[in-house]
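Each chain gets a letter, A, B and so on, in the order the sequences are listed, and its residues count up from 1. Remember, predicted model here, so these are calculated numbers, not experimental data.
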Amino acid sequence: MASFLTRSPLPMDRNLLTTSTRTPTTIISLRTCHDIQEVKQLHARFVVSGLLGYHPLCARRLLEAYVTKSQIYYAVSIFERIPSPDVFVYNTMIRGLTMGYLTEGRVDKARKMFDDMAAKDAASWSALITGYTKNGMHTEALALFQDMMVSHILPNEAALVSLLSACGQLGTLHQGRWIHAYIDKTRVLMSTKLTTALIDMYAKSGSIECGYGLFQKMAWRDVVSWGVMISAFAIYGHASKCFQLFDEMLADGIRPNKVIFVAILSACSHAGRVEEGRQYFSQMEHDFGIKPSIEHYGCMVDLLGRAGLLADAEELILSMPEQPNSIIWGSLLSACRTHNDLKRGTWAFENLMELEPTSGDRYKLAGLMFANAGEKEEATKIRKMIHEKEMETTCGSSFIEVEGAVHEFTVGYTAHNKARDI
DNA sequence: ATAGGGTTAG
């Protein structure tokens with residue numbers, strides 16, 4: 001059966017194909033497509049003209065284009081028709097399999113492809129490490145790094161950035177420090193991205209001072225570097241520091257993006273800075289042209305709710321252009337519990353039941369609200385529902401690393417054998 | 001004739 005790979009070029013393209021030593025512009029233009037439809041149109045042209053089977057670059061560039069557009073289905077179909085894929089093609093496939101919307105077993109497929117590869121380069125390891133961190137499989141990413149070191153393959157910058165992100169998510173400070181030392185020792189260039197990843201790792205692992213030290217020494221800070229630093233201080237509740245950094249960022253000529261405002265607004269929320277929060281919220285749209293997204297509304301509802309301004313929170317929710325999500329309702333419910341607002345709390349709870357009918361934590365919170373307000377009947381009704389529907393409830397917990405070991409702490413749990421010391 | 005990678009509300 002003749003496939004498009006074996007078909008000879010049509011007469012109209014034959015001239016172009018045989019006389020030119022340069023890559024056809026249609027193949028080059030695959031890289032600048034920003035729309036899937038454009039890629040598909042070019043794909044069709046390549047099939048019809050026979051270029052796909054004729055030019056060795058055509059299939060791999062098409063594969064690359066589908067991968068960057070997260071079109072794994074098309075990427076696989078192209079991949080399967082490449083006669084003898086090289087490392088670059090395999091690496092592109094590993095990236096594609098671990099990117100975009102995950103369907104079951106795609107990371108495993110990437111792993112299998114990786115294991116089956118006869119020749120792997122640093123980019124192959126990097127692709128899978130990044131794939132793991134992108135899918136929240138941080139432990140697997142760090143384990144793969146160990147294998148990589150054993151195989152004497154030097155990690156590239158992309159791998160190091162992903163590994164630092166994994167360390168930050170897990171809070172494994174000593175592994176992060178080890179990578180930092182490794183970077184210094186091997187004289188890897190400290191780029192903006194790498195330094196930003198280090199700052200984020202330190203901040204998320206409880207060493208904000210280390211992160212801030214690196215930040216201050218940076219030669220070039222982009223909007224992400226500022227975002228990492230401001231978010232870090234926001235989590236620590238240092239609102240004034242966030243405001244100061246925001247001004248410094250503007251003075252540095254960097255325009256804030258939506259992420260910066262999420263960080264600033266969450267800083268306001270954690271520190272109870274209602275007035276500043278309101279100012280930044282309106283400044284965001286009027287001075288910087290950024291339309292508030294659901295995350296920004298989430299921060300504002302939380303800010304107003306914590307401050308007990310529940311009527312304002314309600315008004316804001318009703319003014320939202322899109323449907324509030326469970327985070328917004330959960331935030332409102334939590335505020336209603338602390339401020340004993342049964343009316344709005346019930347409203348939030350009703351919406352939560354629609355959006356997350358099986359989340360035991362939401363029901364538990366509502367139960368506590370009714371119990372606090374003396375509504376014993378409502379409270380028992382909810383407790384029964386949790387029991388009957390066999391809903392799972394989680395408790396808040398935190399991880400802390402001491403001398404290389406990670407300990408988990410659960411709210412109300414003091415049975416840890418060295419809880420006091422830690 | 002070659003990419004990838006860092007920030008985000010409870």
Side-chain angles (χ1 to χ4, degrees), chain A residues 22-23 27-28 30-31 55-58 60-61 63-65 67-68 86-89 91-96 98-99 121-131 133-134 141 155-169 191-201 203-204 211 215 221-235 256-270 277 281 292-303 305-306 324-335 337 348 352 356 359 361-362 365 396:
Chain A
R22 288 181 44 194
T23 308
I27 294 181
I28 302 277
L30 273 172
R31 284 232 169 126
H55 201 291
L57 250 182
C58 193
R60 44 206 296 134
R61 284 290 170 91
L63 174 74
E64 203 185 1
V67 160
T68 46
D86 64 2
V87 204
F88 186 86
V89 169
N91 293 352
T92 309
M93 274 308 290
I94 292 174
R95 269 202 298 134
T98 54
M99 261 175 57
D121 60 7
S124 322
W125 291 83
S126 165
L128 192 56
I129 286 173
T130 304
T133 50
K134 276 259 155 94
N156 58 19
E157 208 198 32
L160 291 169
V161 167
S162 294
L163 288 162
L164 287 168
S165 162
C167 293
Q169 301 285 329
S191 67
T192 298
K193 279 184 178 179
L194 193 52
T195 313
T196 304
L198 274 167
I199 295 166
D200 184 54
M201 180 278 295
K204 288 209 168 78
F215 179 81
R221 305 180 188 110
D222 62 15
V223 71
V224 184
S225 323
W226 287 99
V228 164
M229 205 62 253
I230 295 173
S231 304
F233 282 115
I235 293 161
N257 61 14
K258 51 179 283 187
V259 180
I260 300 289
F261 282 102
V262 171
I264 289 280
L265 294 176
S266 85
C268 294
S269 165
H270 292 146
F281 187 73
S293 69
I294 195 141
E295 289 91 348
H296 302 111
Y297 282 102
C299 292
M300 287 305 288
V301 169
D302 196 53
L303 170 67
R306 278 177 202 250
N325 62 15
S326 59
I327 296 174
I328 306 242
W329 292 121
S331 173
L332 183 71
L333 175 60
S334 166
R337 194 202 98 162
L352 274 172
E356 288 184 350
S359 166
D361 291 324
R362 309 299 194 188
L365 195 60

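- Closest to the side chain of Asn325(A), from the set dA9(B), dT7(B), dG6(B), is dA9(B).
- Ile235(A) places its CD1 atom 6 Å from the P atom of dT8(B), with the value rounded to the nearest Å.
- Taking atom CZ of residue Arg306(A) and atom P of nucleotide dA9(B), one finds them 12 Å apart after rounding to whole Å.
- In the model, Thr196(A) has a side-chain atom that pairs as donor or acceptor with a side-chain atom of Ser225(A) under 3.5 Å.
- One interatomic measurement links the two molecules: CZ of Phe281(A) to P of dT8(B), which rounds to 20 Å at whole-angstrom precision.
- For dG4(B), the base has no donor-acceptor partner in the side chain of Asn91(A) [N/O atoms by modelled type, under 3.5 angstrom].
- Among residues two or more places apart in sequence or in another chain, the salt bridge (charged side-chain N to carboxylate O under 4.0 Å, His left out) test is passed with Arg306(A) by Asp302(A).
- Side-chain proximity of Ala123(A) to dA3(B), dA1(B), dG6(B): nearest is dA3(B).
- One atom, CH2 of Trp329(A), and another, C1' of dA9(B), lie 16 Å apart when rounded to the nearest Å.
- For Ser231(A), whose side chain is taken as the heavy atoms from C-beta onward, the closest listed nucleotide among dT7(B), dG10(B), dG4(B) is dT7(B).
- Among the protein residues, Ser334(A) comes within range of no part of the nucleic acid, since none of its heavy atoms lies under 4.0 Å from any strand.
- Nearest nucleotide to the side chain of Arg31(A), out of dG4(B), dT2(B), dG10(B): dT2(B).
- Of the candidate nucleotides dG6(B), dG4(B), dT7(B), dG4(B) has the atom nearest to the side chain of Asn156(A).
- Distance from the side chain of Asp302(A) is smallest for dG10(B) among the nucleotides dA9(B), dG10(B), dG4(B).
- For Cys299(A), the listed nucleotide lying nearest its side chain is dA9(B); candidates were dA1(B), dG6(B), dA9(B).
- Ser269(A) contributes no side-chain N or O that, together with a main-chain N or O of Leu265(A), makes up a donor-acceptor pair within less than 3.5 Å.
- Atom-to-atom, CD of Glu295(A) to P of dG10(B) comes out at 11 Å; the value is rounded to the nearest Å.
- Distance Leu163(A) CG to dG4(B) P: 18 Å, rounded to the nearest Å.
- You'll find the side chain of Trp226(A) stays beyond 4.5 Å of the side chain of Val223(A), heavy atoms only.
- Nucleotide dT7(B) holds its C1' atom 13 Å from the CD1 atom of Ile264(A), rounded to whole Å.
- Checking dT2(B), dG6(B), dT8(B) against the side-chain heavy atoms of Ser165(A) singles out dG6(B) as nearest.
- For dG10(B), the OP1/OP2 oxygens have a side-chain nitrogen or oxygen of His270(A) closer than 4.0 Å.
- Counting only N and O atoms by type, the side chains of Glu64(A) and Thr92(A) include no donor and acceptor under 3.5 Å apart.
- Listed nucleotides: dG6(B), dG4(B), dT8(B). Nearest to the side chain of Lys258(A): dT8(B).
- Although no hydrogens or angles enter the test, the distance criterion places a donor-acceptor pair under 3.5 Å between the side chain of Thr98(A) and the main chain of Ile94(A).
- Of the candidate nucleotides dG10(B), dG6(B), dA3(B), dA3(B) has the atom nearest to the side chain of Asp121(A).
- Under the 4.0 Å criterion applied to side-chain N and carboxylate O atoms, Asp222(A) and Lys193(A) are not assigned as salt-bridge partners.
- Note: Tyr297(A) and Phe281(A) meet the aromatic proximity criterion, with ring centroids under 6.0 Å apart.
- Contact annotation: Lys204(A) reaches the phosphate of dT8(B) (side-chain N/O to OP1 or OP2, under 4.0 Å).
- Residue Ser225(A) is in base contact, counting any heavy-atom pair closer than 4.0 Å across all strands shown.
- Residues of residues 191-200 of chain A having a heavy atom closer than 4.0 Å to DNA chain B, listed by number: Thr192(A), Lys193(A), Thr196(A), Asp200(A).
- In this entry the distance linking CG of Leu30(A) with P of dA1(B) reads 15 Å, nearest Å.
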